[in-house]
Amino acid sequence: MTATPVELTAAQRTAFGQLAETLAGIDRSAYTAHHRDWRAPIFGLGPASAPLCIFGRDPGRTEVEHQLPFVGRGGQLVRAGLYRHALGLPQAAPAPSFDASVAAGANVFWLNTVPYKPVGNKAWSMAAKRRFQPLVAGLLLHAWQGHTVMMLGREAFFWFGIGQPAPTAAALQAFWLREDRYTATLSIDYRNDGQTRPLRLAPLPHPSPANAVWFKRFPALLAARLEALVPTF
């Protein structure tokens with residue numbers, strides 16, 4: 001049974017929209033092409049009790065079209081992995097339909113560093129990520145109750161160092177240099193607005209087709225992560 005998903009409050013939607021008003025670099029043409037409001041953040045969120053948070057970089061054109069996170073080509077790799085894992089299927093099993101892939105993520109909590117599509121799908125600047133960090137961190141710590149976060153790519157991983165004590169930032173840097181960073185985990189005490197939550201970080205490569213080094217290896221790495229992190233998902 002799928003738990004009731006968390007939804008943004010009216011105040012949270014307003015706060016994100018106000019930041020978007022002054023954020024240069026939102027791909028407004030992509031939103032206009034799909035008759036979407038470029039001020040509306042694209043978040044999947046999910047049940048507060050979700051055992052896993054999947055943390056990405058930012059939405060793309062397909063996410064704008066459907067107003068759902070992680071539904072483009074790279075995101076579908078993630079969702080296909082969740083689908084196969086939940087049903088105990090081998091990696092060679094056919095990919096699910098779009099609707100089945102969306103349903104497969106119903107028990108996951110989904111977040112991005114910045115919930116808006118950037119022009120050219122370039123990663124948002126550190127300044128942009130810092131502006132949105134308090135709001136996104138608030139969702140991470142107050143809307144979600146879990147502890148295990150699987151982040152996709154370097155940008156998403158190092159987001160967890162923004163506003164953190166120097167030892168945490170140093171631990172992130174040291175972990176990223178490890179050859180086993182896509183199989184090992186890093187435990188940190190994540191702080192935001194006076195609250196601290198122990199988190200277990202489990203990075204993976206960014207699942208973009210442009211990431212030639214890791215794209216073909218991504219499904220196997222994801223499958224191993226899911227088996228280790230949430231074997232009874």
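In what follows, every heavy atom counts, from backbone to side chain, and hydrogens, waters and symmetry copies are set aside.
- For the residue pair D27/S29, the side-chain donor-acceptor check at 3.5 Å is satisfied.
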Item to complete: Would you check, one step at a time, whether the test side chain to side chain contact (heavy atoms under 4.5 Å, CB included) holds for W144 with L139?
Response: CA-CA 7 Å; W144 180 56; L139 292 171; over 6 Å; no

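- Rounding to the nearest 0.5 Å gives a distance of 13.5 Å between CD of Q164 and CZ of F158.
- Taking CZ of R28 as the reference point, atom CH2 of W38 lies at 3.5 Å (rounded to 0.5 Å).
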Worksheet entry | From CA spacing to verdict: side chain to side chain contact (heavy atoms under 4.5 Å, CB included), L222, L77 | CA-CA 9 Å; L222 172 62; L77 277 183; 5.9 Å; no

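- Residues forming a side chain to side chain contact (heavy atoms under 4.5 Å, CB included) with P134 (at least two apart in sequence, or on another chain): none.
- Remark: side-chain polar atoms of T113 are paired, donor with acceptor, to backbone N or O of R57 under 3.5 angstrom.
- The minimum heavy-atom distance between H147 and P198, with the atom names listed, is ND1-O, 2.8 Å.
- For F132 and Y116, the ring centers sit closer than 6.0 Å to each other.
- Among residue pairs with one or both ends in residues 13-26, those qualifying as side-chain hydrogen bond (donor to acceptor under 3.5 Å, both in side chains) are E21-R39, T22-R131; sequence neighbours excluded.
- R181 contributes a side-chain N or O that, together with a main-chain N or O of W176, makes up a donor-acceptor pair within less than 3.5 Å.
- A heavy-atom distance below 4.5 Å is found between the side chains of P41 and L8.
- In summary, the side chains of R200 and S187 do not present any donor paired with an acceptor at a separation below 3.5 Å, with no hydrogens or angles considered.
- For R79 against F70, the heavy-atom pair with the smallest separation is NE-O, 2.8 Å.
- V102 and F109 fall into different hydrophobic clusters, where Ile, Leu, Val, Met, Phe, Trp and Tyr side chains are chained together by heavy-atom contacts under 4.5 Å.
- E63 contributes a side-chain N or O that, together with a main-chain N or O of G60, makes up a donor-acceptor pair within less than 3.5 Å.
- L68 and V136 fall into different hydrophobic clusters, where Ile, Leu, Val, Met, Phe, Trp and Tyr residues are linked whenever their side-chain heavy atoms come under 4.5 Å apart, directly or through other members.
- When all heavy atoms are compared, the tightest approach of V108 to W110 is O-CD1, 3.4 Å.
- Around CD of E7, the count of heavy atoms belonging to other residues, nucleotides or ligands within 6.0 Å does not exceed 12.
- Between atom CG of residue L89 and atom CD of residue Q91 there is a gap of 11.5 Å, rounded to the nearest 0.5 Å.
- Looking only at distances, no side-chain donor or acceptor of W124 sits under 3.5 Å from a matching main-chain atom of K117.
- For S125, the side chain to side chain contact (heavy atoms under 4.5 Å, CB included) partners at least two apart in sequence or on another chain are A127, A128.
- Side-chain contact check for Q145 and S49: no donor-acceptor pair (N or O, by modelled atom type) lies under 3.5 Å.
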Using residues 207-216 as the side-chain source, report each donor-acceptor pair under 3.5 Å to any protein atom, sequence neighbours left out, with the distance given to one decimal.
residue: S208; atom: OG; partner: A210; partner atom: N; Å: 3.1
residue: N211; atom: ND2; partner: H206; partner atom: O; Å: 3.1

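- Shown here for P59 and P118, the closest heavy-atom pair between the two residues is O-CD, 3.8 Å.
- The cluster map of Ile, Leu, Val, Met, Phe, Trp and Tyr, joined by side-chain heavy atoms under 4.5 Å apart, puts V230 and L87 in different clusters.
- A parallel orientation is assigned to the rings of W159 and Y190, their planes being inclined by less than 30° (bins at 30° and 60°).
- Looking at heavy atoms from C-beta onward, F55 lies out of side-chain contact with N112 at the 4.5 angstrom threshold.
- Inter-residue side-chain proximity for V64 and I42 is flagged as met; some heavy-atom pair is nearer than 4.5 Å.
- Taking every heavy atom of both residues into account, P94 and R84 meet most closely at C-NH2, 3.7 Å.
- Side-chain contact between L82 and L226 is present, with heavy atoms from C-beta onward closer than 4.5 Å.
- No continuous path of ILVMFWY side-chain contacts below 4.5 Å connects F218 to Y83, so the two sit in separate hydrophobic clusters.
- At distances below 3.5 Å, not a single donor-acceptor pair connects side-chain atoms of Q195 with backbone N or O atoms of N192.
- Here F43 pairs with F16 under the ring pair (Phe, Tyr, Trp, His ring centres under 6.0 Å) rule; sequence neighbours left out.
- How far OG1 of T185 is from CZ of R225: 7.0 Å, rounded to the nearest 0.5 Å.
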Worksheet item: Are L201 and T148 close enough, and set up right, to give a side chain to side chain contact (heavy atoms under 4.5 Å, CB included), and what steps lead you there?
Response: CA-CA 6 Å; L201 308 185; T148 300; over 6 Å; no

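- Between E65 and R36, none of the side-chain N atoms (NZ, or NE/NH1/NH2) sits under 4.0 Å from a carboxylate O, so this pair counts as no salt bridge.
- Nearest heavy-atom pair across A228 and P231 is O-CD, 4.1 Å.
- With sequence neighbours left out, H34 forms a ring pair (Phe, Tyr, Trp, His ring centres under 6.0 Å) with no residue at all.
- Between L221 and P205 there is a side-chain heavy-atom pair separated by less than 4.5 Å.
- Proximity of Y31 to I26: side-chain heavy atoms (C-beta onward) are separated by under 4.5 Å at one or more points.
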Worksheet item: Please walk me through it: do V114 and L23 pass side chain to side chain contact (heavy atoms under 4.5 Å, CB included)?
Response: CA-CA 11 Å; V114 178; L23 178 64; 4.2 Å; yes

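- Interatomic distance, CE of M151 versus CG of L204, reported as 9.5 Å (0.5 Å rounding).
- Side chain of R191 to main chain of P165: no donor-acceptor pair is present (N/O by atom type, distance under 3.5 Å, no hydrogens or angles).
- In this structure, F160 and L186 have side chains that are not in contact, with every pair of non-hydrogen atoms separated by 4.5 Å or more.
- With a 4.5 Å cut-off on side-chain heavy atoms, I54 and V78 count as touching.
- R197 contributes a side-chain N or O that, together with a main-chain N or O of L141, makes up a donor-acceptor pair within less than 3.5 Å.
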